[in-house]
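Here's the structure, in structure tokens; my notes come after.
Counting starts at 1 for both ligands and their atoms, in listed order. Excluded from the calculations below are hydrogen atoms, water molecules and symmetry mates; all remaining heavy atoms, backbone and side chain alike, are included.
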Amino acid sequence: MKEKKILCIVTGGIAAYKAAFLVRLLKQRGALVRVVMSKAATEFVTPLTFEVLSGNPVSWDLFAPRDEPGVEHVELATWAERIIVAPATADFISKSAHGAADDLASTVIAAARCPVYLAPAMNAGMWENPAVKRNVALLEGDGRRFVEPGSGELACGKTGPGRMAEPEEIVGALERSFAPGNLDGVRVLVTAGRTEEDIDLVRYISNRSSGRMGFAIARAAREMGASVSLVYGPVDVPVPEVDSAKSVRTSAEMKRAVTMAFPRCNLLIMAAAVADFMPAGKNPGKMKRGVKGIELELRPTPDILASVSGKKKKDQIVVGFALEEKGGEEKAREKIRKKGCDYMVLNVISETTGFVATTNRVTLFKGNRKVLETGLVSKVEAASMILDKISSDTRLKRKPKRVVRE
Ligand SMILES: Cc1cc2nc3c(=O)[nH]c(=O)nc-3n(C[C@H](O)[C@H](O)[C@H](O)COP(=O)(O)O)c2cc1C
């Protein structure tokens, strides 16, 4: 973190006192730290505390008179290499999700072009409020990164999720962002979303995959310098900007698109939740309701992961995903053996992990070996951690950079 320019934005929650520890830790690691507070934050901790800890003046007033001419919010946003909002209140998350800019803190975020991290802290009721969840999803869609709150005793006296991540964890996320694994010149193919398998003209079977994990991987791979192609089924979140994106609907369409694109990629990450079963025979019309129930015969869908793994060349890496109920480690190891892929990302089904959730807890296997185990982190963080590990694989082929000689 030496000489890295970090802007800490402190908003008005009890955890503002933890931000003092964060500033101290960042300074100890050699970072240059400036602090902006919301007006509400100054009710919890005085600006003087942050001035002393950061060694810099602290601002909170958008319209404060200045000794030198200049636009402070633009100057701060341009100065920062990383912005960390800690604690991030429900109010501040809502404001920044909607682009509001009515005080110094929110105006800096609105003007920021550098990576912005948020460490939410609030009562469990607020953290689980659907409006807060919506706003977090909006910000994640805009590429903002969350350092997920933990569960534990909260300032309100209750126990539950919403407790701000510890300062050490926040510093870890910032450090990782400065030294990400490198995927320069690597061609990455990512699959994301779910598939739909037709029963008749209007009905289908599918699953609840949102596309969040796959899209987070595509975005992170691009940030790490890869050229990224995406094959995605139906999703619930906006499609990220990548080098090429193909939308498909059924497992058969996904297989075709992946098989076509696979020979050109160095790294394939199959994060899509491809249906395991499809109706045995498609009814060409719309089935009538009738009085009796119907029996639906299902047959397995094409196994895309096994098929591409069987065709991969020595310098191609294939990563599969396994979604299991508790204790799926053995199943994940078995899946690697059966499918012949190189890595397997295991995620476990729970309220906060697997499908739908914005968070995940993953274990990465390389062959039989466990090489990464994350705590509960945002899917964006999980994606960075997975790619960080895989990027050091020596089999990864990179297109050499062209050297221009004068
Ligand atoms: C004692 C007290 C504690 C609070 N703690 C939190 C909190 O932990 N998280 C939160 O989102 N809001 C909390 N609030 C509410 C915020 O302070 C309030 O929404 C405020 O408008 C936030 O302003 P800001 O987002 O501009 O900092 C608390 C309020 C009080 C009075």
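- Atom CD of E334 is separated from atom CG of N368 by 11.5 Å, given to the nearest 0.5 angstrom.
- Polar contact with ligand 1: present for S38 (N/O pair, distance under 3.5 Å).
- In terms of N/O distances under 3.5 Å, ligand 1 is approached by T89.
- Looking at N129, its side chain does come within 3.5 Å of a backbone N or O of A131 through a donor-acceptor pair.
- Here the side chain of T191 pairs a donor or acceptor atom with the backbone of A271 at under 3.5 angstrom.
- In this structure, the protein non-hydrogen atom closest to atom 18 (C) of ligand 1 is G12 O, 4.5 Å.
- Interface of M126 with ligand 1, defined as ligand atoms under 4.0 Å from a residue heavy atom, comprises 10 (C), 11 (O), 12 (N).
- Here the protein heavy atom with the shortest distance to atom 20 (C) of ligand 1 is A40 CB, 4.0 Å.
- Taking atom 1 (C) of ligand 1 as the reference point, the nearest protein heavy-atom neighbour is F44 CE2, 4.0 Å.
- E381 and T374 form no side-chain donor-acceptor contact under 3.5 Å, judged by distance and modelled atom types alone.
- Residue contacts with ligand 1 include A121, since one of its heavy atoms falls under 4.0 Å from the ligand.
- Under a 4.0 Å criterion applied to the non-hydrogen atoms of T11, ligand 1 contributes the atoms 27 (O).
- Set against the non-hydrogen atoms of G13, the atoms of ligand 1 under 4.0 Å away are 5 (N), 6 (C), 7 (C), 8 (O).
- Residue contacts with ligand 1: A90 is placed with a nitrogen or oxygen under 3.5 Å of a nitrogen or oxygen of the ligand (distance criterion only).
- Residue S384 forms a side-chain hydrogen bond (donor to acceptor under 3.5 Å, both in side chains) with just one option from R145, E223, R219, K389, and that option is R145.
- A distance of 10.0 Å separates CZ of R395 from CD1 of I390, quoted to the nearest 0.5 Å.
- No donor-acceptor pair under 3.5 Å is formed between the side chain of R194 and the backbone N or O of R208.
- Within a 4.0 Å radius of atom 13 (C) of ligand 1, the protein contributes one or more non-hydrogen atoms.
- Between the side chain of N266 and the backbone N or O of V186 there is no donor-acceptor pair closer than 3.5 Å.
- Counting only heavy atoms of the protein, atom 21 (O) of ligand 1 lies nearest to D91 OD2, 4.0 Å.
- Under a 3.5 Å cut-off, the side chain of D198 and the backbone N or O of D200 do not form any donor-acceptor pair.
- Contact atoms of ligand 1 toward I14: 3 (C), 5 (N), 8 (O) (distance under 4.0 Å to a heavy atom of the residue).
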